[in-house]
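Report on the following structure.
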Amino acid sequence: MSLKIYGIAASRASRPLWVAQELGLDYEHVAQPYQDGATRTPAFLALNPNGHIPVVDDGGVLVWESMACALYLAERFKGDANISLAAHNHAEQAEILRWSFWTVTECEKDALTFLMHRVAMPEARRKPELALQAEQRLAPALRVLEQHLQTRRYIAGERFSVADICVASVLAWVQRAEAMTQCPRLADWLQRCLARPAQMQVRSMARREVKA
């Protein structure tokens, strides 16, 4: 099998894994952990000298950075137009690129802070004030996407694309935020994305990893 995706599903590796599941790709999932120096071995650093997951190895073509991995797989495996996640035209390509980069620059840092201090960390280590501050900073960005979704069902238009995966994979971290209740179109779009069978399969992978 020439296509490999390195990284546990309960990490940013969920992004390329979600793309692979949507497209029905034949790939090997190498559930590479990132803790305790696991990504600092010579073997892994040969794949990504930054020492981070995920990594996509497409027959020797190496891609790292989770959004780049997702965008690469969508473009590399366009497949049947009915299931393609890649752009069908330049207008869709513009939407895919700008919103994928937008979610990294405008949302990811604060979304992760909210997740860690509201949900993920042990309660004794959480700092609620950091979660609140992150949510307050994130609220204007959520309103921008809420407005964008007034005229379309999905981010790039009327069909689900890799842009939806890139953005939903970040905003899933703040689906419990109070700010989300003020953005009903955004909340509806997010729940439709997270209910997709491919996303549910990735979440199932993550649960199995925790139990292993």
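It should be emphasised that the depicted structure is a prediction, and the values quoted were computed from it without experimental measurement. In this chain, residues are counted from 1 in sequence order.
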Subject >> Those residues that, when tested against Q175, pass side chain to side chain donor-acceptor pair (under 3.5 Å) (two or more places apart) >> reply: Q191
**OP:** Keeping the roles fixed (side chain from Q32, backbone from A38), state whether a donor-acceptor pair exists under 3.5 Å.
**Re:** yes
Subject >> Note, V61 side chain near Y72 side chain (heavy atom, < 4.5 Å) >> reply: yes
Original post:
Partners of S14 by side chain to side chain donor-acceptor pair (under 3.5 Å), sequence neighbours excluded?
Top reply: none
Original post:
So how far is it from L132 CG to F114 CZ, rounded to the nearest 0.5 Å?
Top reply: 9.5 Å
**OP:** Could you grab the distance from atom CZ of R208 to atom CZ of R203, nearest 0.5 Å is fine?
**Re:** 13.0 Å
**OP:** Determine, stepwise, if the pair Y6 / N48 fulfils side chain to side chain contact (heavy atoms under 4.5 Å, CB included).
**Re:** CA-CA 10 Å; Y6 292 81; N48 183 356; over 6 Å; no
Original post:
Any side-chain heavy-atom pair from F101 and M67 closer than 4.5 angstrom?
Top reply: no
Subject >> Under 3.5 Å donor-acceptor, R126 side chain and R118 backbone >> reply: yes
Original post:
Can you tell me how far CG of L194 sits from CH2 of W18, rounded to the nearest 0.5 angstrom?
Top reply: 5.5 Å
Original post:
Does E92 have any salt bridge (charged side-chain N to carboxylate O under 4.0 Å, His left out) partners at least two apart in sequence or in another chain, and if so, which?
Top reply: R159
**OP:** Going by the side-chain contact (heavy atoms from CB on, under 4.5 Å) test, name the single residue among I5, I8, L47 that passes it with I53.
**Re:** I8
**OP:** Would you indicate whether the side-chain heavy atoms of D164 and R196 approach each other to under 4.5 Å?
**Re:** no
**OP:** Give the cluster check for W64 versus V104: same hydrophobic cluster or not, with ILVMFWY residues linked at side-chain heavy-atom distances below 4.5 Å.
**Re:** no
**OP:** Look only at the side chain of E95 and the backbone of G157, and say whether a donor-acceptor pair between them is shorter than 3.5 Å.
**Re:** no
**OP:** Look up atom CG in D188 and atom CD in E146, then write down how far apart they are to the nearest 0.5 Å.
**Re:** 9.5 Å
Subject >> Under 3.5 Å: donor-acceptor pair, side chain of Q199, backbone of C193 >> reply: no
Original post:
Taking all atoms of both residues into account, what is the closest heavy-atom pair of L73 and L3, and its distance?
Top reply: CD2-CD1, 4.1 Å
**OP:** Report the residues that fulfil side chain to side chain donor-acceptor pair (under 3.5 Å) with R137, sequence neighbours left out, ordered by chain and then residue number.
**Re:** D110
Original post:
Hey, is R153 close enough to E158 for a salt bridge, meaning N to O under 4.0 Å?
Top reply: no
**OP:** Check the hydrophobic clustering (I, L, V, M, F, W, Y; side-chain heavy atoms under 4.5 Å; chains of links allowed) and say if V30 and M205 are grouped together.
**Re:** no
Subject >> Shortest non-hydrogen separation from P16 to V56 and the atoms involved >> reply: CB-CG2, 4.2 Å
Subject >> Side-chain heavy-atom pair F44, V55 within 4.5 angstrom cut-off >> reply: yes
Original post:
Just wondering, more than 12 heavy atoms not from R125 lying within 6.0 Å of its CZ?
Top reply: no
Original post:
Do other residues, nucleotides or ligands put more than 12 heavy atoms under 6.0 Å from F77 CZ?
Top reply: yes
**OP:** Go through the steps for I83 and E22 under the test side chain to side chain contact (heavy atoms under 4.5 Å, CB included), then give the verdict.
**Re:** CA-CA 8 Å; I83 63 169; E22 289 281 354; over 6 Å; no
**OP:** Without swapping roles, check the side chain of S169 against the backbone of I165 for a donor-acceptor pair under 3.5 Å.
**Re:** yes
Subject >> Neighbour count >12 (heavy atoms, 6.0 Å) for atom CZ, R152 >> reply: yes
Subject >> E28 vs D57 side-chain heavy atoms within contact, under 4.5 Å >> reply: no
**OP:** Return the minimal non-hydrogen interatomic distance between A179 and L142, and the atom names on each side.
**Re:** CB-CD1, 3.9 Å
**OP:** Verify side chain to side chain contact (heavy atoms under 4.5 Å, CB included) between V162 and L71, making sure each step is shown before the conclusion.
**Re:** CA-CA 7 Å; V162 67; L71 293 169; 3.8 Å; yes
**OP:** Verify side chain to side chain contact (heavy atoms under 4.5 Å, CB included) between R76 and V19, making sure each step is shown before the conclusion.
**Re:** CA-CA 11 Å; R76 169 75 170 82; V19 172; over 6 Å; no
**OP:** Would you give the length of the straight line joining atom CG of N50 to atom CG of L45, rounded to the nearest 0.5 angstrom?
**Re:** 9.0 Å
Original post:
Q133: what forms a side chain to side chain donor-acceptor pair (under 3.5 Å) with it, not counting sequence neighbours?
Top reply: none
Original post:
Do the side chains of V144 and E106 get nearer than 4.5 Å, heavy atoms only?
Top reply: no
Original post:
Taking a hydrophobic cluster as the set of Ile, Leu, Val, Met, Phe, Trp and Tyr residues connected by side-chain heavy atoms closer than 4.5 Å, whether directly or through intermediates, do V63 and Y27 fall within one such cluster?
Top reply: yes
**OP:** Tell me whether L17 is reachable from L25 by hopping between hydrophobic residues (I, L, V, M, F, W, Y) whose side-chain heavy atoms are closer than 4.5 Å.
**Re:** yes
Subject >> Any donor-acceptor pair under 3.5 Å from S100 side chain to L97 backbone >> reply: no
**OP:** Using modelled atom types only, decide if a donor and an acceptor are shared between the side chain of R143 and the backbone of C183 within a distance under 3.5 Å.
**Re:** no
**OP:** State the CG-CG distance between L138 and L171, to the nearest 0.5 angstrom.
**Re:** 7.0 Å
**OP:** For residues 117-162, pull every pair meeting ring pair (Phe, Tyr, Trp, His ring centres under 6.0 Å), keeping only residues two or more places apart or in separate chains.
**Re:** W99-H148, Y154-F160
Original post:
Between V170 and R15, is any pair of side-chain heavy atoms under 4.5 Å apart?
Top reply: yes
Subject >> Atom CE of M121: over 12 foreign heavy atoms under 6.0 Å >> reply: yes
Original post:
When you measure from the side chain of T41 to the backbone N and O of G37, does any donor-acceptor pair fall under 3.5 Å?
Top reply: no
Original post:
Does atom CD of E209 have more than 12 heavy-atom neighbours, drawn from other residues, nucleotides or ligands, at distances under 6.0 Å?
Top reply: yes
Original post:
Do W173 and M116 share a hydrophobic cluster, counting only Ile, Leu, Val, Met, Phe, Trp and Tyr and linking them when any side-chain heavy atoms are less than 4.5 Å apart?
Top reply: yes
Original post:
Between W102 and I155, is any pair of side-chain heavy atoms under 4.5 Å apart?
Top reply: no
**OP:** Measure across L190 and M180 and return the closest heavy-atom pair with its distance rounded to 0.1 Å.
**Re:** CD2-CE, 3.9 Å
